[in-house]
Structures are given as C-alpha cells and as structure tokens.
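Chain A is the first sequence line, chain B the second, and so forth, proteins listed ahead of strands; every chain is numbered from 1.
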Amino acid sequence: MYRSTVLVCGGTGCTSSHSDKIIDKLNEELKAKGLDQEVNVIRTGCFGLCALGPIMVVYPEGSFYSMVKVEDIPEIVEEHLLKGRIVTRLLYQETVEEDTVKSLKNTQFYAKQKRVALRNCGVINPEVIDEYIAMDGYAALGKVLTEMTPQEVIDTILASGLRGRGGGGFPTGRKWMFAAANQADQKYVCCNADEGDPGAFMDRSVLEGDPHALIEAMAIAGYAIGASQGYIYVRAEYPIAVERLNIAMKQAREYGLLGDNIFGTDFCFDLHIRLGAGAFVCGEETALLTSIEGNRGEPRPRPPFPAVKGLYGKPSIINNVETYANIPQIILNGAEWFASMGTEKSKGTKVFALGGKINNTGLVEIPMGTTLREIVYEIGGGIPNGRKFKAAQTGGPSGGCITEKNLDVPIDYDNLIAIGSMMGSGGLIVMDDTSCMVDIAKFFLEFTVDESCGKCTPCRVGTRRLLEILEKITEGKGTLEDLDKLEALCYYIKENSLCGLGQTAPNPVLSTLKNFREEYEAHVVEKRCPAGVCKNLVQIKIVPDKCKGCTLCARNCPVNAISGKVKEVHEIDQDKCIKCGVCLDNCKFGAIIKE
Amino acid sequence: MKSLAELQAIRDKARTQLNIRNENENNIRVLVGMATCGIAAGARPVLNAFVEECAKRGLENVTVTQTGCIGICQYEPVVEVVVPGEEKVTYVKMDAEKALKVVNDHLVNRNVVTEYTIGKYSE
Ligand SMILES: Cc1cc2nc3c(=O)[nH]c(=O)nc-3n(C[C@H](O)[C@H](O)[C@H](O)COP(=O)(O)O)c2cc1C
Ligand code: SF4
Ligand code: SF4
Ligand code: SF4
Ligand code: FES
C-alpha cells in the first residue's frame, strides 16, 4: 500500500518538455531514499495546463508543481516526500496562498471547468486497466449488456441530447437509431480520431489520458446498433495515443471486455486500429471510411449515408472521440444528468484547445452555454502583455471568428452559427490587436489549398484563387473590386464543392470580411495594415524630432538600410528595409515607429 | 469478464489505491509529523501503519498525510487527527502499535484514545 502518489503528466505537451526524464529521476531518488515502496509514481494523460508543463501532482496533499525540472526532483523528494514539507517555491503559483495551499480545482483555470469527457485525464494511469475500472470503468458496458436492450441504450442517448463533437453536431442517438434500423449480416462502429484542425488536440488527450473510455463506448455502440466489429482511425502523428490505445485494447481483451461473450452474454465485439497519414480530408467521414478500406482517402457523395452503406458497404456509424468519451457517463448517470448541463439545444460539455494570444494555453472542458468572455478572461487568464482582445476563431479552417461584441453570447452549436462561426471540433484561437485579420484568413486558406484532395474543381481551383486574391491584398496590390470578387467566389465554392472541406473552406474569409471589412479596405485603399503585420504595407520610420543620432540603429540593421552621421538625424531607406524590427527594439529614445 | 460481480471485485480492490487522489474536504485528516526530528524518532513506521490499516479497513473518508515539524520535537513521533467540525486531537510518542489502536478507536469508532494524547502525556 502506497502512502503517497505522484502523478506526472505524460501527455504530448509535457512529454516534449521531458516529463519522462522527470519520472526516471523520481524513481531513482525514491529508490535511493528507500521510499519506492511507499511512494507510487504514475504517468498520466494531459492535465490541460500544457503551457505550464511538465506538470506533477503529489497526493494526498494535492500539491500542484508546474514547470518541473529534473534538477528540482531531489529537493522535492527530500523535502516533500520524505519530510512532508511542500516545496512552495516550485508550486503552480496560483495555488499558493498566505500560509495554505489552494486545491487545484479552486484555481481560476479549473474552477469553471466541468470535466466529463476529460474526467480521467490527469487522474488515472492510462496504461493500467484496473485504474480505469476503479473509476467505474466498464460498469456502463456491464449495465448495458446485462440490464438494457439495444433500443433502451439508443433511447438513453437520444434523451441525453448528445450531439457529435467532431464538428457537425448531429444528434448521436439519431445516428445510432438509423444504423440499428438497417438489417445486415455485419455492421461497423467507427471512431474518427483523425483530428485535422491545426491547433486542436482534444481527441489526442482523451486517447492518451483515458483510452479505455473510448473502447468501452465503442463496445456500447456496437451493442446498440448490432455490430461486432469496430475501427479506430487515428493519425500516425499521434504515436503516444496509438501506443496507449494498443496497450488498452490488449488489456481489455485479457479481461474479456473485448472479444466473445462479454459479461457472460451473447455479445461479441472487437476493435482494430487504422493509421491515417494525416490528410485533413481523411477526417471527412466518407473519405475516412474509404481510407480504412485501404483506398485513397477521397470523399464520395452522400447519400447513401454511412448508416445505410458505410464501411465495406455495410451499415456503419462514425463518431468522434470526444463524442464517445461522453457515452459511458451518460449510461451510468442517466440521460437527465447529462441533459441538465448546457443549453436548450446543446447539452453537456465541450472541450476546447485554447491557443493563440492567451495566458493559459491548454485544454479546457466547459459546460455548453459558457461565454467566450469566461473562457478568455477567467479560465484563460486573459490576453498577455495587457493587449486588447480582437477576435477568437472557432472551427479552425472551416469556421469563423467571434468578435468582441459577441463575447457574452453563450457558446453552443446554434448560437455560434447564428453569429457566423461554428462549434467545430474545439480549436479556439484567440487574437489580439496585433493580429491582422486578412493575414489570419490567408493562413487558413494556405492550409485548405494544401489539404484539398483535388477531386472537384470548385474546391481545387477555387481555393487557390481565393488565396491568390488574399496574397494580392496583403501585398498592397488589391483593389476594392477584388473584395467583391473574393466574396462572390466564396459563395460559389461553398455551393459547388463536393465535400465539407470545400464547402467550408471560404468561411474564414467570409467571416473576417463581414466583421473586419474596414481592415480589408485599409489594405486595398490606404495600402495600410492596421495591425502592422503585412510586411509590404508597414513602414519603419524615424521621427526626426526624437532621433539623437546615436547610430545604434544603423549599426544593428542587418541590411544597412539606415544612414546618418553621429549626432545627426538618421533616415531609413524604404527600398532596402526588410522590416525586421531590429531597429525598433534598439532605439533607446523611442524615435523609431512602425506605421 | 464473466459477470458484474467480477468487475465489482476488481473495482473495489483498485479503489483503495486511487482513493488517495480524491481531494475531499470532508475527510478526516491524519497528519503525521515527518520532519527530521520525527523521522529520527520513528515517524515513518507510524505513517505507513496508518496508511496500511486504513486501506485494509477500506476507510475512504480518511486522508493520511505527512506534514513538516509540528514543533514539539521532544514528543515525536507526533500525529494530529482532524475530524471536520471537531477539535484537533494531538497524539504523541506514537508507534505502529498505537497507530492501529487510533485507527480502530478514533477513526472508526470515534472515541479519542485519551491515554496517547499530549494532554495526558504532559500531566
Ligand atoms: C474536411 C473535413 C474534416 C473533418 N475532420 C474531422 C476530424 O478530424 N475529426 C472528426 O471527428 N470529425 C471530422 N470531420 C467531421 C466528420 O465528417 C464527421 O461528421 C464526424 O466524425 C462525425 O462524428 P460526430 O457526429 O461524433 O461528430 C471532418 C469533416 C470534414 C468535412
Ligand atoms: S471539396 Fe475539396 S476536398 Fe472535398 S472532394 Fe472536392 S476537392 Fe476534395
Ligand atoms: S537608435 Fe534611435 S536615436 Fe539612435 S540614431 Fe537610431 S533612431 Fe536615432
Ligand atoms: S526594420 Fe530592420 S531592415 Fe528595416 S531599417 Fe530597421 S533594422 Fe533595418
Ligand atoms: S500535456 Fe501535460 S498538461 Fe497537457
């Protein structure tokens, strides 16, 4: 029996800041002090506060150490684990109060969160099935198989109001109902773990931190629709997730939680993993199914929908990782419990990957109906360097931006569409007044141009044209007419593309154009980038009145664009200047400005 | 997995180890003084005896933690028991044997073991 447990984050974020070395060092020090039988070291999944990694939590005290270094370990072992003196200096400073230590769940970052899909992430050892079972794991599967009919399972999911977390927001129970209604000798349960939205890592964290939740949920889905086989489609760039999934599947088989006659019933179910090469379009459901079958991942027209003709032509369901992660909880706690969270038409919680110009970058799970203001200013800790919020992009390359005037709109599927954005899979990028909206639109278009599979012309050629116009604008060569052309082309692509990628690719352009038209106009009419991002449109200038002629700027300019004699006013040659900004940072008299 | 009972058995067994990660403010807290003086006086066997015994009895409402020096080194090993809403009880000159009695009498049956308390000792 261990008297103390040390949880070290083994999520991708903390692993890349060497949390594995911390684990090694911990084990070494504990052994040296003869504490290895008293203190248990466990590698968990992501805690959400990735920016503060590596993360380490010591129980029973619940002390939350952040940005832990290997060199800190001897001190933590000696002081805290041996002598019971918490090393306050190394704690996440928000948890340190006058003379006590605040529990993590009361910190600004966690207080407003509600963890359902992420409930076990950063709590259990994802590589030990017993730990999942200790948290009531597989009890939902047991309940479903021994006490409920497939129809009752579907009714429960329908009543919970759960909607797909992969972007579309389609009611999960309805999807299952359709697939259950279609008779076939074989049906399939598929999981979309492709997670293509740049900057999103919600699904990865569930796979890394709680892989059994997915396995259990897919088995429940199999029972509900009458399928005995399941496929998990994961991108190959997620090696830790794939490894943990494999371990989890092996353990589940050993316990007879996958395989034949589960819980002594007639129900048989097993899972397979398929690795995707990371093409964004493979996240589209028909392309994903084609890819699982071993063909090139290209979308095909719907109908027929997968519920009718899916994997290998058989009735199939396909759901997102986070969607599945909610299922066991709904079965155990009831549809009413789930439906009590959220808004009228969006129930439960949503996980977001917070990124961009925000203090607490990381993973957050909030009840539907939370406002963007709460996410940005409370959970997210506000914008760094005291800068001003400008917009937030949700839905990644398919989504749009939310502006300041909508900061207080409760976030749910329908409200986000109403304000011209979308829920998407959970990427949430915050922008401040140093972000140029034309540049943001260009960034997403570069992504879609790269990722378009090329099967249909409106998307393949259209997105490229869009990008060319945007490039023209950021270079200061755009005209007002280009803005109209841009808009018309957006609508054309949306209406004529075959799959969701093309149909949504123009959204970032339309949304920034709608909300920040004056910024586009500044680029084309005044040839000015108000945020000072577009290099061709900014000028670095010296204010003659302020220049003392110290020559510092001239000596540091990498391209010798600055001339002037000692103690005389200096000048920048605009033809030579590459706008690197070095002189701006150098001048001690504030004589150099950017406009 | 043949039955729900089998799952339940695994669950119960694994739960004692995970209980430690459950921060519950309403738990009874057992604080074992573990600074240098406490360790020298034999606080570690006391700490481990509390942990083992609470786990064996499945006491999910008890949190056993170590703490730094409590400041009365001549009485080490010192153990404080804090039942929410009640006066803190300080046990002194503890050993593993005494720990078992405190678990049984105080933590389970809620009777303070007066003979081990600091009040009794300093009389
Ligand atoms: C271009 C494109 C990319 C997509 N990428 C993903 C993805 O990475 N993950 C995902 O779950 N769904 C993705 N989707 C949505 C899926 O097609 C599908 O709607 C979803 O997996 C269904 O699961 P859900 O109902 O649980 O959300 C994508 C759709 C499109 C059009
Ligand atoms: S819309 Fe784009 S990604 Fe989709 S099928 Fe057409 S070319 Fe391929
Ligand atoms: S560093 Fe500033 S003050 Fe010095 S020469 Fe350059 S502009 Fe003038
Ligand atoms: S911005 Fe860079 S290139 Fe331009 S003048 Fe300053 S230092 Fe030289
Ligand atoms: S990866 Fe460690 S907190 Fe997210």
Any heavy-atom pair between the side chains of R3(A) and V32(B) that's under 4.5 Å? no

Give, for atom CD1 of I10(B) and atom CG of D130(A), the distance between the pair rounded to the nearest 0.5 Å. 6.0 Å

Heavy atoms only: give me the nearest L82(A)-M34(B) pair and the separation to one decimal. O-CE, 3.4 Å

Surrounding CD of E97(B) (heavy atoms of other residues, nucleotides or ligands, distance under 6.0 Å), is the total greater than 12? no

Count the heavy-atom pairs under 4.5 Å between each of V128(A), T265(A), I262(A), L81(A) and chain B, then report the option with the highest count. L81(A)

Is any NZ, NE, NH1 or NH2 atom of the basic residue among E61(A) and R29(B) found under 4.0 Å from an Asp or Glu carboxylate oxygen of the other? no

State the CD-CE distance between E53(B) and M1(A), to the nearest 0.5 angstrom. 12.0 Å

For the residue pair T65(B) and P60(A), what are the closest heavy atoms and their distance? CG2-CG, 2.9 Å

Just checking D266(A): does its CG atom have more than 12 heavy atoms from other residues, nucleotides or ligands closer to it than 6.0 angstrom? no

Within the side chain of E38(A), is there an N or O that forms a donor-acceptor pair under 3.5 Å with the backbone of N48(B)? no

Approximate separation, where rounding is to 0.5 Å, of H80(A) NE2 and Q66(B) CD: 6.0 Å

Roughly how far, to the nearest 0.5 Å, is the CD1 atom of I124(A) from the CZ atom of R21(B)? 8.5 Å

In Å, rounded to the nearest 0.5 Å, how long is the span from OH of Y2(A) to CD1 of I20(B)? 11.0 Å

Here the gap from L18(B) atom CG to I42(A) atom CD1, rounded to the nearest 0.5 Å, amounts to 7.0 Å

Of the listed N27(B), T63(B), L7(B), the one with the largest count of heavy-atom pairs under 4.5 Å with chain A is L7(B)

Is K105(A) close to chain B through its backbone or its side chain, or both, or neither, when contacts mean heavy atoms under 4.5 Å? side chain

Check whether T5(A) gets within reach of chain B through its side chain, its backbone, both or neither, counting any heavy atom under 4.5 Å. both

For chain B, which candidate among S4(A), G256(A), G142(A) shows the most heavy-atom pairs at distances under 4.5 Å? G256(A)

Counting neighbours of CD on E87(B) that are heavy atoms of other residues, nucleotides or ligands and sit closer than 6.0 Å, is the number greater than 12? no

Any side-chain to backbone donor/acceptor pair from Q17(B) onto E131(A)? Under 3.5 Å, distance only. no

Is it true that R11(B) and D136(A) make a salt bridge, defined as a side-chain N closer than 4.0 Å to a carboxylate O? yes

Heavy-atom contact with chain B under 4.5 Å, split by part of L145(A): neither

So, does R85(A) use its side chain to make a donor-acceptor pair with the main chain of T67(B) at under 3.5 Å? no

